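Keep in mind that the numbers below use all heavy atoms, side chains included, and drop hydrogens, waters and symmetry copies. All residue numbers in this chain count up from 1 along the given sequence. The model shown is predicted, which means the values in this text are computed figures rather than measured ones.
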Amino acid sequence: MTAELVRGQNHPLSQARLEIRISAGTPIVAAAALSDENGRIHGVEWVAHPGAPTQPGLEVSRQAAADHRLAVDLDAMPETVHRVGVLLALPTGGAGPVRFGSVAAPFVAVTGLDGAEIVTYTIHGLDAESAVVALELYRRQGAWKVRAVGQGYAGGLAELLSDQGLAQAQQLAGSVNEAVAQGLARSVQAPPPRTAEGDRSRQAAAPALGPDQGGTAPQPNPVPPVSPYGGQTSGGPGQTAPQSPSYPGATPDPSAVTQPSASTSAPTAGGPIDYSHPRRQNSAPPPPPPTAPPAAPGQPAQPVAGDATGWSMEERLYNQVWGMFEDLARTTAAYRSAVDFAESRMDKELEQVLSDPRSRIGGQGDAAREAARARYAQLVERAREALDRDLVQLQAEADVVEPALPPAYARWDNPVWHAYRVPMEIPMALRLGDLHLPEAEQIRIPMLVRLPLERGLWIDSGRTASSDGSFADAHSLGRLALETAVAHAARLLAVYPAGEFTVHVIDPAGSGAQPLAPLVRTGVLAAPPALGAAGVTDVLTRLTQRVDLVQMAVRGGAADALPPGFDTAQQLLIVNDFPHGFDDRAVNQLRYLADEGPAFGVHLMMVADREESSAYGPLLDPLWRSLLRLTPVADDHLADPWVGHAWTYEPSLVPPGSQILHQVLAQVAAARTKYA
């Protein structure tokens with residue numbers, strides 16, 4: 001049975017050798033791009049196009065045509081390839097159309113070698129775009145799937161390739177257009193269907209030649225994917241995707257979850273370690289991930305914790321969480337799109353019934369309306385069945401992943417904390433809470449942010465943080481917000497090696513004494529919480545001077561010339577009850593720390609109600625935008641970078657009555673004393 005996909009929907013592929021047929025009604029350019037698990041194209045040799053029509057496992061047409069047949073052999077794909085994108089573009093420099101909105105919607109079908117259709121996808125909704133990612137074939141848990149993407153680019157093929165991380169995007173787009181221009185004056189007829197005996201993809205299935213064999217082949221990128229949950233991005237966690245409301249770009253919007261950009265360059269073997277990501281050298285390939293036990297016939301493979309790629313179990317689990325987040329976003333998007341389509345079709349059918357006067361007499365109109373509603377219910381039921389099938393698999397994966405997480409990624413109620421020991425190395429990331437969608441309330445995806453923190457955190461203690469009105473008074477909400485900040489700070493202290501993380505607290509009015517007690521009593525703070533305006537001035541002055549000193553040392557190339565006894569640890573400043581106790585100078589210092597501090601080891605965590613600082617007007621808008629907004633209660637304010645879902649965020653809090661926070665902080669304090 002052929003599956004008719006809508007945008008965002010995926011479907012399993014049971015065959016390795018496939019044909020992708022494209023019909024567009026006008027000559028278009030067809031290409032295919034290989035990419036890693038992060039959706040990044042590593043070089044021009046990773047793209048099959050009219051100027052270079054064959055790549056490992058791929059063969060595309062040599063010129064523009066109204067119909068195309070692309071040959072794909074998934075078994076011939078290099079192990080470093082995790083995604084195959086089918087790219088369509090309108091030729092440039094001719095008299096033909098310049099945007100997809102002026103031509104018939106392109107139709108794409110994935111078939112077996114016998115011509116039987118496996119999935120089809122009609123790319124609706126294009127307008128000013130002149131290039132589009134039509135489909136994506138991707139690996140998931142050892143198997144291949146196909147996803148309907150339909151992401152268009154008004155900037156053409158160059159913008160599309162650039163968005164997927166290809167540094168030579170402009171040059172490659174020019175080469176493609178030059179190759180196409182030679183045959184642009186005529187549209188070629190599609191070749192006849194191939195048979196299994198005479199399939200040209202066998203040529204494409206030949207292994208790629210390495211540099212020592214007279215050729216070049218795609219090389220693995222040792223830089224693993226960056227978090228969908230934090231940092232800054234150039235496109236995004238999942239593919240290099242359409243930009244979300246951000247954490248991309250320059251000064252990100254704190255109401256979005258995206259991925260920071262990863263460098264495609266790698267240190268040479270024996271060279272310096274890249275401490276930004278992933279703190280590993282590329283002198284050896286990553287160890288193979290665990291393999292799942294064979295599945296029963298007709299049943300999906302059993303999930304295994306750590307079955308993603310990576311240099312260590314920690315990195316594999318990090319990447320697996322990334323994949324779960326992306327899968328849930330996309331399968332939910334497919335369900336919502338299907339429901340929207342069903343509603344639109346039912347509305348159209350009902351409108352046609354009402355517009356025909358003959359249907360208003362007798363039972364003919366009632367029967368037509370009932371039939372329209374029945375078709376709507378059938379479509380929604382089928383969409384829900386597909387969603388439930390995917391959710392069952394995701395839930396099974398979550399059930400095995402959650403217990404296997406290390407302390408930095410684990411919830412506070414995870415038993416791994418009872419065996420906690422102060423680590424010797426800084427982990428890749430840190431859990432700040434959980435994310436879920438209303439269609440899948442039972443599935444919680446860990447919200448991980450990269451370390452060291454690239455942005456400050458804002459724990460919102462205002463009424464907007466409690467949209468359901470569950471907190472009637474601001475005092476209770478403020479206290480819970482500070483408890484949330486303490487839990488985050490304790491986790492940061494716990495995952496850093498002894499002596500490599502220092503916490504300062506500003507509590508001008510002394511209103512946070514009780515929530516701050518775990519930090520104060522265990523002695524993990526650098527000094528008691530600063531009180532009053534004088535305390536605010538003292539702490540801010542010392543930290544701004546520290547940033548200035550490190551900044552000058554780094555920029556002057558004298559990082560080893562810092563004063564003796566200088567605390568080189570990462571610094572975290574927790575500010576409670578802002579702007580109480582802050583004058584104009586202190587506000588400017590705080591803004592300076594938020595902007596410049598993270599790059600030089602000083603991080604900010606604010607517990608504040610934005611409305612209380614409204615007297616400053618737009619002066620503080622850049623401050624709020626520079627911080628990642630979190631809430632002490634569940635709130636749907638974070639967006640993914642693919643389809644912009646409003647994800648519900650839940651903070652990672654210590655269970656009521658649990659002593660695990662005190663136990664962990666006591667070990668941190670003991671290790672700190674020993675280190676000193």
- request: Test salt bridge (Lys or Arg N to Asp or Glu O under 4.0 Å) on R672 and E500 and set out the steps.
  value: CA-CA 9 Å; R672 179 176 174 175; E500 293 194 21; over 6 Å; no
message: As a quick check of understanding, evaluate side-chain contact (heavy atoms from CB on, under 4.5 Å) for I574 and L519, giving each step before the final call.
response: CA-CA 11 Å; I574 302 176; L519 300 178; 4.3 Å; yes
task: Just jot down the salt bridge (charged side-chain N to carboxylate O under 4.0 Å, His left out) partners of D567, sequence neighbours excluded, or say none.
output: none
For [Y], does its backbone N or O pair with a side-chain atom of [X] as donor and acceptor, under 3.5 Å?
X: R139; Y: K145; value: no
X: T502; Y: A569; value: no
X: S626; Y: L623; value: yes
X: R147; Y: E136; value: no
X: S312; Y: E315; value: yes
X: Q320; Y: G306; value: yes
X: R450; Y: M428; value: yes
X: H488; Y: P651; value: no
X: S461; Y: A608; value: yes
X: T332; Y: L328; value: yes

Is [Y] close to [X] at the side-chain level, that is, under 4.5 Å between some pair of heavy atoms?
X: L638; Y: T648; result: no
X: D434; Y: R431; result: yes
X: N414; Y: W412; result: no
X: V633; Y: E650; result: no
X: L627; Y: R455; result: no
X: Y649; Y: D635; result: no
X: V575; Y: V505; result: no
X: P529; Y: V520; result: yes

- prompt: Cation over ring, R546 on F600, under 6.0 Å and within 45°?
  reply: no
Cation-aromatic face contact R330/F325, 6.0 Å, 45 degrees: no
E483 and R479 ion-paired at < 4.0 Å: yes
Lys/Arg N to Asp/Glu carboxylate O, D36 vs R83, below 4.0 Å: no
- request: Might you work through the side-chain hydrogen bond (donor to acceptor under 3.5 Å, both in side chains) test for R336 and H645, ending with a clear yes or no?
  value: CA-CA 10 Å; R336 293 179 180 178; H645 288 323; 2.9 Å; yes
Quick check for you: to the nearest 0.5 Å, what is the distance between [X] atom [atom1] and [Y] atom [atom2]?
X: L34; Y: I41; atom1: CG; atom2: CD1; answer: 8.5 Å
X: L628; Y: W458; atom1: CG; atom2: CH2; answer: 10.5 Å
X: R411; Y: E402; atom1: CZ; atom2: CD; answer: 4.0 Å
X: L572; Y: L604; atom1: CG; atom2: CG; answer: 8.0 Å
X: N38; Y: N319; atom1: CG; atom2: CG; answer: 8.0 Å
X: L432; Y: R491; atom1: CG; atom2: CZ; answer: 8.0 Å

Tell me the closest heavy-atom pair linking [X] and [Y], and the distance in Å.
X: V607; Y: A481; answer: CG1-CB, 3.7 Å
X: P423; Y: V495; answer: CG-O, 3.3 Å
X: I426; Y: P497; answer: CG1-CD, 3.6 Å
X: Q393; Y: P303; answer: NE2-CD, 4.2 Å
X: T522; Y: A666; answer: CG2-N, 4.2 Å
X: L593; Y: P598; answer: O-CD, 3.5 Å

query: Are D390 and T331 close enough that a side-chain donor and a side-chain acceptor fall under 3.5 Å?
result: yes
- prompt: Are Q551 and E596 linked by a side-chain donor-acceptor pair shorter than 3.5 Å?
  reply: yes
- prompt: Please, which pairs that meet salt bridge (charged side-chain N to carboxylate O under 4.0 Å, His left out) have at least one residue in residues 515-527, sequence neighbours excluded?
  reply: none
- request: Tell me, with the steps shown, if R610 and D460 meet salt bridge (Lys or Arg N to Asp or Glu O under 4.0 Å).
  value: CA-CA 8 Å; R610 183 171 180 173; D460 190 353; over 6 Å; no
query: Does the side-chain contact (heavy atoms from CB on, under 4.5 Å) test come out yes or no for L493 and V503, once each step is laid out?
result: CA-CA 8 Å; L493 282 162; V503 178; 3.7 Å; yes
task: Please test H603 against L573 for side-chain contact (heavy atoms from CB on, under 4.5 Å), starting from the C-alpha separation and ending with a verdict.
output: CA-CA 6 Å; H603 311 281; L573 171 61; over 6 Å; no
message: Applying side-chain contact (heavy atoms from CB on, under 4.5 Å) to R421 and Q667, what does each step give before you reach the verdict?
response: CA-CA 7 Å; R421 294 294 181 270; Q667 291 193 48; 3.9 Å; yes
- request: Output every pair passing ring-ring contact (aromatic ring centres under 6.0 Å, His included) with a member in residues 420-440, not counting sequence neighbours, ordered by first then second residue.
  value: W417-Y420
- prompt: Would you find more than 12 non-hydrogen atoms of other residues, nucleotides or ligands less than 6.0 Å from Q442 atom CD?
  reply: yes
